[in-house]
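What follows is one structure encoded as structure tokens, with my remarks underneath.
Counting starts at 1 for both ligands and their atoms, in listed order.
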Amino acid sequence: MISGRTGLACVIGHPVRHSLSPVLMNTAFASAGLDLVYTAFEVAPGAADQALDAMRTLGISGMNVTMPHKQQVFASVDELDPAAVALGAVNCVAPIGNGRLRGHNTDGAGFVDSLRLDADFDPAGRSTVVLGAGGAARAIVDALARAGAARVVVVNRTESSAHEAARLAGSVGSVGGLAEVAAAELVVNATSVGMGTAELPIDADVLHAGQLVADIVYHPLITALLGQARSRGAATLDGLGMLVHQAARAVELWTGTRPDHRAMRAAAEAELAARAAAS
Ligand code: ATR
């Protein structure tokens with residue numbers, strides 16, 4: 001029941017109507033018995049600061065931030081967590097009292113949670129490869145290094161951005177190619193290749209049993225890369241887990257309560273299936 005005491009959380013973005021976050025978050029709130037509702041606000045490019053002012057004025061309990069506002073919110077909040085500082089981007093804002101707002105980046109930690117909880121894979125001491133050097137790839141590179149990976153090798157079409165991304169991993173970061181993919185214990189596709197298509201980001205012949213192959217693309221859930229990896233005996237992890245766990249971390253930051261990630265995942269899968277059936 002929504003009452004005068006019900007709190008509001010939201011996502012801002014442009015475009016944002018397609019976001020799965022309202023389904024994930026309302027499931028999280030309901031399963032944890034939290035008196036909160038979550039919705040999406042279309043915020044025009046350049047208007048993120050007004051959205052932060054509205055958050056303060058209205059007492060909004062939590063805000064997620066997606067494209068194109070992640071850098072502007074990074075520049076405008078009052079405090080930042082270490083991942084947001086490293087990445088120059090914020091995906092989650094939490095009120096910390098006296099009208100002050102703290103910006104977080106939960107994407108990379110959400111990916112590592114998915115590795116641990118959905119694939120039973122701890123990256124500590126492991127040899128890892130990240131394909132791609134965009135925002136999502138950088139978050140994962142940063143988080144793998146924070147989680148203690150022994151090597152984080154970035155493989156990207158454009159080598160200059162590969163070097164920039166690899167720097168986030170400090171002394172365990174480097175730039176490589178297919179030889180490093182073949183030698184890795186974990187291979188993560190963090191490019192957009194395979195989203196809605198059967199394209200592969202790399203030659204799948206280098207993949208083999210004994211590796212975990214993860215994709216951040218979740219449309220389709222089993223991408224061409226994951227299908228090829230499975231057929232070669234590798235373990236696989238789909239991209240929905242990162243979305244679920246970054247959201248679960250946001251709920252924990254806002255409320256102190258760790259939500260039921262399995263219920264969130266089930267709701268997201270049902271929503272994706274309903275969308276596929278409707279299209
Ligand atoms: P996001 O911020 O969502 O992670 P992005 O910044 O657009 O997305 O990054 C997309 C990533 O996918 C980049 O690493 C990009 O490679 P480049 O740095 O060379 O542009 C990679 N990518 C996109 N399309 C690609 C393609 N067709 N082949 C190889 N890599 C591709």
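- For atom 7 (O) of ligand 1, no protein non-hydrogen atom is found at a distance below 4.0 Å.
- Between Pro22 and Thr39 the shortest side-chain heavy-atom distance does not fall below 4.5 Å.
- Side-chain contact check for His245 and Asp118: at least one donor-acceptor pair (N or O, by modelled atom type) lies under 3.5 Å.
- The protein heavy atom nearest to atom 26 (C) of ligand 1 is Arg157 NH1, 3.2 Å.
- For the residue pair Ala137 and Val130, the shortest heavy atom distance occurs at CB-CG1, 4.0 Å.
- Residue contacts with ligand 1, taken as heavy atom pairs separated by less than 4.0 Å, involve Ala136 via backbone and side-chain atoms alike.
- Residue Ser192 places a heavy atom under 4.0 Å from ligand 1.
- No hydrogens or angles considered: nothing links the side chains of Asn64 and Ser21 as a donor-acceptor pair under 3.5 Å.
- The backbone N or O of Ala83 lies less than 3.5 Å from no partner atom in the side chain of Asn105, so there is not a single donor-acceptor pair.
- Closest heavy-atom approach to atom 1 (P) of ligand 1 among the candidates Gly135, Ala137, Ala190: Gly135.
- Proximity of Val193 to ligand 1, defined as any heavy-atom pair under 4.0 Å, is confined to the side chain (atoms from C-beta onward).
- The protein reaches atom 14 (O) of ligand 1 closely, with a heavy atom under 4.0 angstrom from it.
- Any N or O atom pair closer than 3.5 Å counts here, and Thr191 shares no such pair with ligand 1.
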